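Notes follow once the structure below has been shown.
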Amino acid sequence: MAANPKPKVRMLDCGEAINAAFREEMRRDERVVMWGEDVITMESPTAGADLCTRGLFEEFGGDRIRDTPVVEAAIIETAIGAALAGLRPIAHVMTGGFQMGCFDPIFARLGTAYQEWKHPGTLPVVVMASVLGGAAKGADHALSPEALFMHSPGLKVVMPSTAYDTKGLLKTAIRDDFPVMFYTHREVMIREEKEAIPDEEYLIPFGQADVKRNGEDVTIVTWSGMVLRALAAAEELAGEGIAAEVVDLRTLVPMDVDTIVTSVRKTGALLIVHEAMKRAGAAGEVAMRVAEAAPDVVRTLKAPIRRLAAKNVALPTSLRIERRLVPQVGDIVQAAQDLVQESM
Amino acid sequence: MAANPKPKVRMLDCGEAINAAFREEMRRDERVVMWGEDVITMESPTAGADLCTRGLFEEFGGDRIRDTPVVEAAIIETAIGAALAGLRPIAHVMTGGFQMGCFDPIFARLGTAYQEWKHPGTLPVVVMASVLGGAAKGADHALSPEALFMHSPGLKVVMPSTAYDTKGLLKTAIRDDFPVMFYTHREVMIREEKEAIPDEEYLIPFGQADVKRNGEDVTIVTWSGMVLRALAAAEELAGEGIAAEVVDLRTLVPMDVDTIVTSVRKTGALLIVHEAMKRAGAAGEVAMRVAEAAPDVVRTLKAPIRRLAAKNVALPTSLRIERRLVPQVGDIVQAAQDLVQESM
Amino acid sequence: MDIPEEKLLWMYRTMVTTRKLYETMYEMYRHGSSLGNFVAGEGEEAIPAAICANLRREDSYKPNFRQTSCLFAKEGYELADIFSGNLFDAERGYLGFSLALGEDVGVYTGFALAAQMRGTDQVCVCTFGEGTASKGSIHEAMVTAAAWKLPIVFVLQNNQYCGGTRYSKVYRFDDLADRARGYGIPGRSVDGNDVMATYAVVREFVERARTGGGPGLIVAETYRLSPYFERAPGEIVIEGYRPEGELEEARGNDPIPRFRKTLSELGLLTDEDVERIDREVEDEIARAMSDGRQRPRVDYDQYIQYAVAEL
Amino acid sequence: MDIPEEKLLWMYRTMVTTRKLYETMYEMYRHGSSLGNFVAGEGEEAIPAAICANLRREDSYKPNFRQTSCLFAKEGYELADIFSGNLFDAERGYLGFSLALGEDVGVYTGFALAAQMRGTDQVCVCTFGEGTASKGSIHEAMVTAAAWKLPIVFVLQNNQYCGGTRYSKVYRFDDLADRARGYGIPGRSVDGNDVMATYAVVREFVERARTGGGPGLIVAETYRLSPYFERAPGEIVIEGYRPEGELEEARGNDPIPRFRKTLSELGLLTDEDVERIDREVEDEIARAMSDGRQRPRVDYDQYIQYAVAEL
Ligand SMILES: Cc1ncc(C[n+]2csc(CCOP(=O)(O)OP(=O)(O)O)c2C)c(N)n1
Ligand SMILES: Cc1ncc(C[n+]2csc(CCOP(=O)(O)OP(=O)(O)O)c2C)c(N)n1
Ligand SMILES: [Mg+2]
Ligand SMILES: [Mg+2]
């Protein structure tokens, strides 16, 4: 057997990783098409995710990639129709907040109606948007809407936190035969640090959380941009002798409850952190799933499952105020300390 | 002191109770106005809630009560503008499912934007709709959307289960200076049994759950149409020697966590039941709130908090299938039995 | 326009079948068959007949929600399908409809987009009511179809009523087809109770769409003889919103007798033909009903498999 | 139309102030003042000036989102308000705008509805871009305003660009004012870089609305000289979507020099006046900035009190 050659890698940022995923999948399958506002002209399918579509128009032409008018409902609905007719559309809606303006098409048509219609076939639509948290852009730009779309029966929800995960999960999303909500996060998109992305194709399956940092004292479950803050918090906590394990869920639907349970079995304490507003946020779902999957683990927790999330207040356009509403690194450190203390 | 005369009551069904609440509040305050599709012509502001508006047009005239075109987004948005201009609109959107089609106006404008705009004044809008569960009407008619709107910072969510509660809570809603989502439920609306409604005015404050049945063995927390099923289940459970306490939350936002905690402290077991789909449904929020308010109670529970809700599947147009997806009386009985058994 | 004789007779038969289907289904509904809320489109049968006479199997067609049963007339479908419990079939161009009014129009626009992207000559005809035409999602769909010159024909079926609200109470003008100008696409009003006139307009618009000429908007003027919807026995019915005499007058303009008269004047239909067709259609419906109802129904286990993200 | 001399000079001054405000605010933005994303409406100053010249304190006005700062010209507002951090004030008729495009138009329609219900003679003027005009919620708002003859004037400000997408790429026709016909309301296109022409049309439409004549749609044709939005330093800017030479040509049609020329031809403005006004306006802005910035800001504790259902 020949020696396994070291796989070639390239250093890419998240936008470049997305661009590579689009390009590979559009080359692989000519049914993959995409549209959205300014996806060609501004090369910016999701606000804050510039250049993700660079070069696609030149390579694949104006039939397979299209600029749309400002018609978010029609962007989604035409994707549904085209998917039913055999294409595999990627529909861009800029931000999670703008998805409120095409909520019925996403929640009720894409995620609900075609089951109700007993449609036995496939419905391969990827809806892409960005969560623009951390820059006081207000709710319409910064909303992280996962809790809302998790409540629709037919939607998978993907929220990666690294360029590597983004590429692998996006390729999986495009090959999925059913609807996928895919969210990039501003803080992931603008990271200076590039990541090593293999030249060789890889896919990351849905429903596999990733333990981004190991620890024995407390489990922090989170996703999307908050993973970056949780990792920074874990670093600080380490300085104070607390070993936090950071579990990046990566996909909210399907949810990898096993990985959480394994971690909590070890640490005995669970803190769920999310950027979205606390009330009726996704933390409740995570907690219930853990309780349902492993009542024994929950019974032996030393303190009840804890959540840290944005206060029940509208996202402001003032950074000063936003920083006091949405969990910051310091807040995560504090919450983890409290939980560990209480568990003792 | 004169002897307290027995208060006069009349026997009303839920539609009549709503009609009385509208009439009283429109007489009391001329700023109270309403619009929606066919609210005059069909006397049916919310599908399944016929005759709620009977006689209002005749009494208050076409300026204060109006039929609209099929424009759910405009129905809500004009209510916001009119409220900012000093009126107190009641905006009718027929069903909870149709609210997906005006989601941005409700979630992001009514419930979010005016805080973001630092609007220091009032925003008195009541949004009324019906949940048409139990009749296989499909998701667009039967959706119970509370979990979605609880996740908007500025929305109160009211879901009564009796004619008496409906009248008292609706009057409170109309007098509230901030947005209220108000849901009637088909199974409450069509009950044959009339209820004794005092002639004298009464209001029911938000944030007060009502213990609809006392019991010592298990607490069932629920709301809206499911209260009827939970009470029927409690009756059956009594036959088997299990005393279930049924807590009707009545308002989801604000939530009366104290009453739940008091009940659970007594029973030691908590089952949350709702009609909406389980994943990311409101049960998770109830459970987290209890854990946050009373970690000691949660720590001493004999079994983890349990939820019973609709399966993670689209609401069908087949009764046969709906009955297997959405909790029925028998399912509640079973879940309560399991929980009590496990707690022993 | 010269319409071939078989086409004319086919349309007549289709209209009669549509009407009799309503009657049959209403009987089933009254006797407790679980059809959900029952809606019918009596008086509006000419429009689907004129549309289907211009469509091919691979084309797509969305009837107005109260006329779903007229899909039997679309090539690829048959009468028994109507009783089979599920008409949905993207292959035959039916992508369902949205019980939340209007949200389906963009979906059908997506079908037309796929046809254009693939370079087929498929066409889509998508119908909705004048009430539904106020929904925002329809505006977005029409903007999109116009922007990309998609092969779709929008048919706005103006039956004068949206629930209990009369059209003229809501709209301030004579001709809804003017909406087309606002999108830069052709628009045309037609007497939707005149099946031959409707056929001609549909033909023109469908051919234009099929040959790359882009979308159009047809406004078919008609009248809703059926109630808003049939309530379950015991439920309250309020039908007092129609001005006195209006319904009776409208019955005088029923498209079926009207077309029957034209055909007999043209010498294409005798009284015997009329009776024979009635009988044949009734037999067909009876057969289709028993065939359709014998087809396997989607059961719980299948249902929960479809398009579920995580059970 | 005879426009009084003071009105003309007031509009000129307003346009100059608007332009200089953009420049000032852009400088603040570049130097890290936290104004969020910075957008400006250079080249489109004639439209808000023409509108404000026709409105009263109790009327309502929504400028296009990139021209919020021109609210200073609306009666009831003053320059210092622009720097105060919060313009929202229902009393003075400004109900904010929606960062999600289009969702505010129905809100302003509600203001007009309230005016009608109460029998006041208030009017609302609500502006949005030609890109935003495709959003469904605007269709619903216009249907509603037309149905009830509400006192609202919609101003569609067509600056030729929606982000990087040119108008003519999306729409298939010459005159967006045709949209009005689809709602049965009056519509009119006007050269939005000609402030006097725009003033005349706005005046006509506002007076009609004020006297019970219902809504209308004005399409003001103009050109966006400003970029889509100013990126934060270091962010990527893509402005290559404009055809070669187009921007330069458009600068030749800048409404401010154009109006200056007209006024001087009318003998109403000398070169000295121009310089004096420039200087005065700069002083006013400097004073307004320091005044406005001294006003108390909404702090965290106040913020979390507003319109929160449950903390
Ligand atoms: C979004 C939405 N709003 C309201 C309804 C309730 N509704 C059902 S049918 C109907 C009337 C529709 O009128 P039109 O579009 O003219 O169709 P027609 O009934 O005349 O065939 C209404 C308002 C609905 N189904 N969906
Ligand atoms: C619902 C929604 N979709 C997309 C955007 C992103 N966006 C911000 S400004 C803009 C262009 C709007 O164009 P137009 O309405 O013509 O106004 P202009 O920028 O020309 O003043 C877009 C697409 C948004 N803010 N909201
Ligand atoms: Mg109709
Ligand atoms: Mg523009």
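Numbers restart at 1 for each chain; the letters A, B, ... are given by sequence-line order, proteins then strands. Quantities reported herein were computed from a predicted structural model and do not represent experimental measurements.
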Given heavy-atom pairs under 4.5 angstrom as the criterion, report whether the side chain, backbone, both or neither of B:Ser318 touches chain A.
neither
If you tally heavy-atom pairs under 4.5 Å against chain A, which of B:Arg306, B:Lys302, B:Met255 wins?
B:Lys302
Heavy-atom closest pair, residues A:Ala280 and B:Met150
CB-CB, 3.8 Å
Turns out that what part of B:Glu292 lies under 4.5 Å from chain A's heavy atoms comes down to side chain
Using every non-hydrogen atom in the two residues, find where A:Asp140 and B:Arg109 come nearest and quote the distance to one decimal.
OD1-NH2, 2.9 Å
Could you tell me if the side chain of B:Gln115 sits less than 4.5 Å from the side chain of A:Leu315, heavy atoms only?
no
Answer whether the closest heavy-atom distance between the side chains of A:Lys278 and B:Met288 falls below 4.5 Å.
no
Among B:Val253, B:Leu301, B:Val298, which residue has the highest count of heavy-atom pairs closer than 4.5 Å to chain A?
B:Val253
So which heavy atom on B:Glu116 is nearest to which on A:Ala139, and how close?
OE1-N, 3.3 Å
In terms of heavy-atom contacts, A:Leu155 and B:Arg279 come closest through O-NH2, 4.0 Å
May I ask you to test the A:Asp104-B:Phe98 pair for a side-chain heavy-atom distance under 4.5 Å?
no
Residue, of B:Leu148, B:Thr112, B:Ile106, that accumulates the most heavy atom pairs under 4.5 Å with chain A
B:Leu148
